[in-house]
> 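Sharing a structure here in structure tokens format.
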Amino acid sequence: MLKIPTHLITASSSWLSKIIIAGVQLLSVKYLLEMLGESNYAIFSLLTGLMVWCSIIDFGIGSSLQNFISELRAKNQDYNLYIKAALQLLLIASIGFISVLFVLSKLISEFYLASFHESLHGHEAFVFFSAVVVFGLVGAGTVGYKILFAELIGWKANIINGISYLVGLICVLVFYFLQIKITIVAALIALYAPVALLSVIYLCYRYYNLPKLKPKKEYYKDILKRTYGFFIFMLLSILVLQADYIVISQKLSSSDIVKYTVTMKIFGLIFFIYTAVLQALWPICAEYRIRKEWNKLRKTVAVNVIGGVFFIFVSTFLFYLFKSTIYGILSPTLDVNISIYIFILLAVYFSVRVWCDTFAMLLQSMNALKVLWFLVPCQAIISGWAQWVLAGKYGILGVLIGLTLSFLLTVFWGLPVTYFNMVKKEVYK
């Protein structure tokens, strides 16, 4: 009987989950844009950009734990006490993260939402902190999903995640069809609170079923030794990938913010399909490396990069052909007059992301993050400066040019060079 590789089963379920998630986010555009109006939906879109920022709430604990589980599984050793130690550390980290942002919420929100002071009637801090709490819980809950992926049963995480987004959409539809007036905060809670709650409930369930033994200090130290590397990498990556939200909040009109965020949501669906493969491959690649199965590792990388780039270009071409229909379904009032150059740049940008994200995943699976501490700060500076300058002159096109340049000038060449040098050293050990 033909045996389907575990990572393909996980990836397939992840594709379905990501399609559901992206579908929910796209469908919600239609209803939320109508209920909130263009200006309030632009604020809502900027606040959803905080989800990625709040993913650092675990300070790298989840990624550190994921690698420990993969390594111990490869050696057939028990890892439950590592999970227990990590979840206890996660609770402390989450409380600290939310507390700090509570203190800073007024300062940050006055800058981030400066263009919408009148629309929010001076309630920027409340709206901002509400989003932080919701997305902070979402970020903490993803640690549970990383445990499942490390155990090579990531399909369970995908099912939970997909269901949670469907519940969120149902909550939005209740507001819409019952014609209940909805605020920005209520919209955030309706759509994303179920996403947070289901993942946190799973974490609590997992912790409750762990052995009653208390982890020794060494378990906490082992987890923390690796977290700082993952945390710095995540933080710097977010500075690169989320700089566009900071720029558009200051440089683009409400109309262009809506146009940009909706278009990126659609491309997010396309790219999610590839990132689903990467997420499933992380523990597989870690085990290949530990077992020194270099040929399998090289073949896996090559097939996925080539396939990923081809998929991005075909998807972009189809999107451009049917853009009027796609945008029309999402919102009849949305301006679809988007330059072909924007679509070309989007195809190039996400193809570059396929290459870079693949090698970033490989280096993370090897716990080799030092090169990223040098490259990603340079990338963040280039990205922020280029987007800020070019967006003022070219709008959405300038944002995309700045993003793409930041990758090409840094991690596009730096990550593969580092990876191949490290593999070469391991081969000849």
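Here the structure is a predicted model, which means the values were calculated and not measured.
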> Would S254 and V258 count as a side chain to side chain contact (heavy atoms under 4.5 Å, CB included) if you check the C-alpha gap in whole Å, the side-chain angles of each, and the deciding distance to 0.1 Å?
CA-CA 6 Å; S254 295; V258 173; 5.6 Å; no
> Of all heavy-atom pairs between A187 and L32, which one has the smallest distance, and what is that distance?
CB-CD2, 3.9 Å
> Listed by chain and number, what are the salt bridge (Lys or Arg N to Asp or Glu O under 4.0 Å) partners of D222, not counting sequence neighbours?
none
> Judged by atom type as modelled, is there a donor-acceptor pair below 3.5 Å linking the side chain of S63 to the main-chain atoms of G60?
no
> What distance separates T263 OG1 from I396 CD1, expressed to the nearest 0.5 Å?
6.5 Å
> Can a donor-acceptor pair be found, under 3.5 Å and without considering hydrogens, that links the side chain of K156 to the backbone of L148?
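Not confirmed, K156 side chain does not pair with L148 backbone.
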> Count the heavy atoms of every other residue, nucleotide or ligand shown that sit under 6.0 Å from OH of Y205, and state whether that count exceeds 12.
no
> Quick one about Y79 and E71 (side-chain donor to acceptor, distance below 3.5 Å, no hydrogens or angles considered), yes or no?
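No, Y79 and E71 have no side-chain donor paired with an acceptor closer than 3.5 Å.
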> Between F116 and I257, is any pair of side-chain heavy atoms under 4.5 Å apart?
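Touching, per the 4.5 Å side-chain cut-off.
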> Under 4.5 Å between any side-chain heavy atoms of F135 and L188, yes or no?
yes
> Answer yes or no: is there an ion pair linking K30 with E34, defined by an N-O contact shorter than 4.0 Å?
no
> Are I92 and Q88 packed together at the side-chain level, in the sense that at least one heavy-atom pair is separated by less than 4.5 angstrom?
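SC-SC contact between I92 and Q88 ruled out.
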> For Q387 and S383, test the side chains for any donor-to-acceptor distance below 3.5 angstrom and give the result as yes or no.
yes
> Measure the spacing between CZ of F230 and CG of L65 and express it to the nearest 0.5 Å.
10.5 Å
> Output yes when a side-chain donor or acceptor of K216 lies under 3.5 Å from a complementary backbone atom of L81, and no otherwise.
no
> Is there a donor-acceptor contact under 3.5 Å from the side chain of S199 to the main chain of G144?
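Looks like no, no N/O pair under 3.5 Å.
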> Assert yes or no for the condition that the ring centre distance of F231 to Y228 is strictly below 6.0 Å.
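No - the distance between ring centres of F231 and Y228 does not fall below the 6.0 Å cut-off.
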> Any heavy-atom pair between the side chains of S55 and I238 that's under 4.5 Å?
yes
> Between atom CG of L403 and atom CE of M264, what is the distance when rounded to the nearest 0.5 Å?
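Result: 6.5 Å between the selected atoms.
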> Check step by step if side chain to side chain contact (heavy atoms under 4.5 Å, CB included) holds for W388 and Q250.
CA-CA 9 Å; W388 190 267; Q250 307 299 312; 3.7 Å; yes
> Give a yes or no answer on whether the side chain of E124 reaches the backbone of A114 with a donor-acceptor pair at less than 3.5 Å.
no
> About how many Å separate OH of Y219 and CG of L224, when rounded to the nearest 0.5 Å?
15.0 Å
> Please work out which of the three classes, parallel, tilted or perpendicular, describes the rings of W355 and F412, given edges at 30° and 60°.
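Plane angle between 30° and 60°, so tilted.
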> Please tell me if the side chains of Y245 and L50 come closer than 4.5 Å, counting only heavy atoms from C-beta onward.
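Side-chain contact under 4.5 Å: no.
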> In the structure I gave you, are the side-chain heavy atoms of L101 and I108 within less than 4.5 Å of one another anywhere?
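A side-chain contact exists here, since the closest heavy-atom pair is under 4.5 Å.
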> Which atom names give the shortest non-hydrogen contact between L203 and A140, and what distance separates them?
CD1-O, 3.4 Å
> For L415 versus L375, what's the shortest heavy-atom pair and its separation?
N-CD1, 4.0 Å
> Is the distance between the ring centroids of F350 and F311 under 6.0 Å?
no
> Is a side-chain N or O of S45 found less than 3.5 angstrom from the main chain of T261, in a donor-acceptor match?
no
> Dump the intermediate steps for side chain to side chain contact (heavy atoms under 4.5 Å, CB included) on T142 and D58, then the final yes or no.
CA-CA 9 Å; T142 58; D58 73 337; 5.7 Å; no
> Return each pair, listed once, that meets side-chain hydrogen bond (donor to acceptor under 3.5 Å, both in side chains) where at least one residue sits in residues 179-192; pairs must be two or more places apart or across chains.
none
> Is the number of heavy atoms from other residues, nucleotides or ligands under 6.0 Å of Y220 OH greater than 12?
yes
> Nearest 0.5 angstrom please: F319 CZ to I266 CD1, how far?
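Answer for the CZ-CD1 pair, F319 versus I266, is 3.5 Å.
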> Side chains of V354 and F271: closer than 4.5 Å at any heavy-atom pair?
yes
> Minimum heavy-atom separation for M35 to F175, with atom names?
SD-C, 4.1 Å
> Report the distance from atom CG of L89 to atom OG1 of T227, rounding to the nearest 0.5 Å.
8.0 Å
> Checking the side chain of S164 only, and the main-chain atoms of N161 only, is there a donor and an acceptor separated by less than 3.5 Å?
yes
> Only one of D357, N304, T358 forms a side chain to side chain donor-acceptor pair (under 3.5 Å) with Y274, so which one is it?
T358
> Treating N421 as the side-chain partner and V417 as the backbone partner, does any N or O pair qualify as donor plus acceptor under 3.5 Å?
yes
> Begin with the C-alpha distance, continue with both residues' side-chain angles, and end with the deciding distance and a verdict on side chain to side chain contact (heavy atoms under 4.5 Å, CB included) for L47 and F44.
CA-CA 5 Å; L47 291 172; F44 178 86; 5.7 Å; no
> Any side-chain heavy atom of L197 within less than 4.5 Å of one from L137?
no
> Looking at F68, does the NZ or CZ of R226 lie under 6.0 angstrom from its six-membered ring centre and within 45 degrees of the ring axis?
yes
> I61 and L90: which non-hydrogen atoms are nearest, and at how many Å?
CD1-N, 3.8 Å
> For Y145 and N158: C-alpha separation, side-chain torsions, deciding distance, then whether side chain to side chain donor-acceptor pair (under 3.5 Å) applies.
CA-CA 8 Å; Y145 298 155; N158 294 327; over 6 Å; no
> Specify the closest pair of heavy atoms between K84 and L213, including all atoms of both residues, with the distance to one decimal.
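That would be NZ-O, 3.1 Å.
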> Quick one: does any side-chain atom of W413 pair with a main-chain N or O of L409 as donor and acceptor, under 3.5 Å?
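Confirmed, W413 side chain pairs with L409 backbone.
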